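Letters A, B, ... mirror the listed sequences (proteins, then strands); counts begin at 1. When reading the values below, keep in mind they use all heavy atoms of this one structure, side chains included, and skip hydrogens, waters and symmetry mates. Here the structure is a predicted model, which is why all the values come from computation and not from measurement.
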Number of protein chains: 2
Amino acid sequence: MPSQRRKFTREEPESRRADLIAATLDLMADAGPAETTVRAIAEEAGLSQGMIRHHFSSKEDLINAAYQAHMAGQLEGSERSVAGDTARARLARFVTASLTSPVVDPRALSLWAAFIHMVRRDPAMRATHEENYLAYRDRLEALVAATLAESGRTATSEELRRLAIACNAVIDGLWLEGGALPDAFAAGEIEAIGRASVAALLGLPLDDGTEE
Amino acid sequence: MPSQRRKFTREEPESRRADLIAATLDLMADAGPAETTVRAIAEEAGLSQGMIRHHFSSKEDLINAAYQAHMAGQLEGSERSVAGDTARARLARFVTASLTSPVVDPRALSLWAAFIHMVRRDPAMRATHEENYLAYRDRLEALVAATLAESGRTATSEELRRLAIACNAVIDGLWLEGGALPDAFAAGEIEAIGRASVAALLGLPLDDGTEE
DNA sequence: CGGTCAAATATACAAACGTATAATTCAATG
DNA sequence: CATTGAATTATACGTTTGTATATTTGACCG
């Protein structure tokens, strides 16, 4: 009987790497880290398991790459369509974008939980993590500062810091609840609560500015 | 050469179970779920690995028991010293207790992340999770309702729901940030931001009532 | 259109995992 | 103080893991 070796087509390494990263994130989110084995990843990607060590130096290397790809996508999601004539409108849109799918998503929450232990131990992943986290926080603080200034409100840097932390917290908390209990909220409800909460924290009205 | 079998003392099954649970939580929080093997647990507890299947029907059974023990401790932490003459004071103390160690703790955050995937798959753990989560949320909503009523404020059940979600979110978010970056906040800062944020969300002053 | 080389597959291997079983030892009981 | 039984240790077993190696194959090039 002749070999039953399966047929395959050659692809560019970049494409194969992307496929393996996507398969890794899918498994990590749906099945969990324990089930994310090299064999499961290869099967999910429709490849043989040898491909992992052919395109990445180790499984850990692949996990790192997957984490980086995921975090980049998350930040991009929050930055999406942050525009508007006024600082107030830009802040409102930033809050809305941060609380809209796919940023708020059971999958994103699953991935966050799956990666956090690796982040704590691996310096490379830790660096990626802190970089993205602080970028988000600074972005929010700048938007809050601009919004306060625009309304003629003055705030010390200490007050500004506390306000940014509180706004960040309410967004994080809603992100967490929305991801953990996706069916517990109506469409658009989390975004609305987020905008109203940030408005209450700042003591300013904060409608989106583009809705009618 | 005679046997080098190690000496041991008999303990009550309950005590051994508690030791194994404590070792499991320590490992889960510090080393992560991947390193929490039956051998590592037994070594952490100072016992032989056979003890796990002698006192629990499987490793999974032990994990379940450890999760239950952890969650019970967390809820107890938030309920601690929730007292006061006024609803406002009780709410302030509830917020404070929810944002104080050991509720806010890198260890608690680690454990939450470690368990979330198991919670999603195992019905028994899911039941434990939802029970404790909803108990917390209902407790908070009741305190918010009482505080509003005390101040002569009226709120529809829909408004109340949204306020409770927002308060819960800011507490969750601060819990998350405090656990993730414990060195980024001064002592008592998270609690203070939490009380001020809940006050701003409700539009009511919310001092602790017992501090001087 | 045959030659070449990386891309792929297939297989093998040592280590570690959860579990099962056998062999001991402590402490209570009469 | 001998007996007994559960608590405990020690060892073994089959499976799965990440990794290493050998073999095959598809596509590009002269």
Side-chain angles (χ1 to χ4, degrees), chain A residues 1-24 27-28 31-67 114 117-118 121-122 124-125, chain B residues 1-24 27-28 31-67 114 117-118 121-122 124-125:
Chain A
M1 191 178 284
S3 86
Q4 301 188 353
R5 179 178 275 247
R6 59 200 266 197
K7 301 299 178 189
F8 64 91
T9 59
R10 283 170 107 98
E11 296 289 338
E12 302 213 340
E14 233 177 290
S15 164
R16 284 287 188 239
R17 285 175 58 96
D19 290 347
L20 288 170
I21 285 174
T24 301
L27 272 175
M28 210 76 147
E35 318 289 336
T36 307
T37 65
V38 292
R39 285 165 179 82
I41 293 169
E43 187 183 15
E44 177 84 15
L47 300 170
S48 73
Q49 68 163 301
M51 299 305 285
I52 278 147
R53 294 223 350 118
H54 190 259
H55 288 290
F56 297 89
S57 68
S58 68
K59 181 193 177 188
E60 190 185 351
D61 186 30
L62 167 58
I63 302 283
N64 275 16
Y67 180 64
H117 283 101
M118 310 174 190
R121 238 178 315 287
D122 183 359
M125 291 187 72
Chain B
M1 190 178 283
S3 87
Q4 303 187 350
R5 179 179 276 246
R6 58 199 266 195
K7 302 298 178 189
F8 63 92
T9 60
R10 285 170 109 97
E11 295 289 338
E12 303 212 340
E14 231 177 293
S15 165
R16 285 284 188 242
R17 285 175 57 96
D19 289 346
L20 288 169
I21 286 174
T24 301
L27 272 175
M28 212 72 146
E35 319 289 337
T36 307
T37 67
V38 291
R39 286 165 178 82
I41 294 170
E43 187 184 15
E44 178 82 17
L47 300 171
S48 74
Q49 66 163 301
M51 299 303 286
I52 278 147
R53 293 217 359 113
H54 190 260
H55 289 289
F56 297 89
S57 68
S58 68
K59 181 195 177 185
E60 190 185 351
D61 186 30
L62 167 58
I63 302 283
N64 274 17
Y67 180 64
H117 283 101
M118 311 174 188
R121 238 177 315 287
D122 181 1
M125 290 189 72

Given atom [atom1] of [X] and atom [atom2] of [N], what is their separation to the nearest angstrom?
{"X": "A:H55", "N": "C:dT9", "atom1": "NE2", "atom2": "C1'", "value": "12 Å"}
{"X": "B:E12", "N": "D:dT8", "atom1": "CD", "atom2": "P", "value": "10 Å"}
{"X": "A:I52", "N": "C:dT11", "atom1": "CD1", "atom2": "C1'", "value": "16 Å"}
{"X": "A:I41", "N": "C:dT9", "atom1": "CD1", "atom2": "P", "value": "15 Å"}
{"X": "A:L47", "N": "C:dA10", "atom1": "CG", "atom2": "P", "value": "11 Å"}
{"X": "A:L27", "N": "D:dG18", "atom1": "CG", "atom2": "P", "value": "11 Å"}
{"X": "A:M51", "N": "D:dG26", "atom1": "CE", "atom2": "P", "value": "14 Å"}
{"X": "B:E60", "N": "C:dT19", "atom1": "CD", "atom2": "C1'", "value": "14 Å"}

Every protein N/O lying under 3.5 Å from an N/O of nucleotides 26-30 of chain C:
unit_1, atom_1, unit_2, atom_2, d
C:dC26, O2, B:R10, NH1, 2.1

To the nearest 0.5 Å, what is the distance between [atom1] on [X] and [atom2] on [Y]?
{"X": "A:R17", "Y": "A:E12", "atom1": "CZ", "atom2": "CD", "result": "13.0 Å"}
{"X": "A:D19", "Y": "A:E14", "atom1": "CG", "atom2": "CD", "result": "11.5 Å"}
{"X": "B:Q49", "Y": "B:K59", "atom1": "CD", "atom2": "NZ", "result": "11.5 Å"}

First of B:T36 and A:H54 reached from the 5' end of DNA chain C, by closest nucleotide: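 So the residue in question is A:H54.
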Considering only distance and modelled atom types, tabulate donor-acceptor pairs under 3.5 Å from the side chains of residues 35-45 of chain B, sequence neighbours left out.
unit_1, atom_1, unit_2, atom_2, d
B:T36, OG1, B:G32, O, 2.7
B:T37, OG1, B:A40, N, 3.1

Polar-atom pairs under 3.5 Å, protein N or O versus N or O of nucleotides 14-17 of chain D: list them with distances, or write none.
none

What does the list of N/O pairs under 3.5 Å between the protein and nucleotides 20-22 of chain C look like, with a distance for each?
unit_1, atom_1, unit_2, atom_2, d
C:dA20, OP2, B:R53, NE, 3.2
C:dA20, OP2, B:R53, NH1, 3.1
C:dA20, OP2, B:R53, NH2, 2.0

Please find the pair of heavy atoms, one from [X] and one from [Y], that lie closest to each other, and give the distance.
{"X": "A:S15", "Y": "A:E11", "answer": "OG-OE1, 4.1 Å"}
{"X": "A:R6", "Y": "A:G46", "answer": "NH2-O, 2.8 Å"}
{"X": "B:I21", "Y": "B:A65", "answer": "CD1-CB, 3.9 Å"}

Which parts of residues 13-23 of chain B get close to DNA chain C, meaning a heavy atom less than 4.0 angstrom away?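 Per residue number, the list is empty: none.
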Taking the side chain as every heavy atom from C-beta outward, state whether A:I63 and A:M28 have any pair of such atoms under 4.5 Å apart.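 The answer is yes, as the side chains (C-beta and beyond) meet within the 4.5 Å cut-off.
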Listed pairs under 3.5 Å, donor-acceptor, residues 50-57 of chain B side chains, sequence neighbours left out:
unit_1, atom_1, unit_2, atom_2, d
B:R53, NH1, B:S57, O, 2.6
B:S57, OG, B:D61, OD2, 3.4

Check: A:L20 main-chain N/O paired with A:T24 side-chain donor or acceptor under 3.5 Å: yes
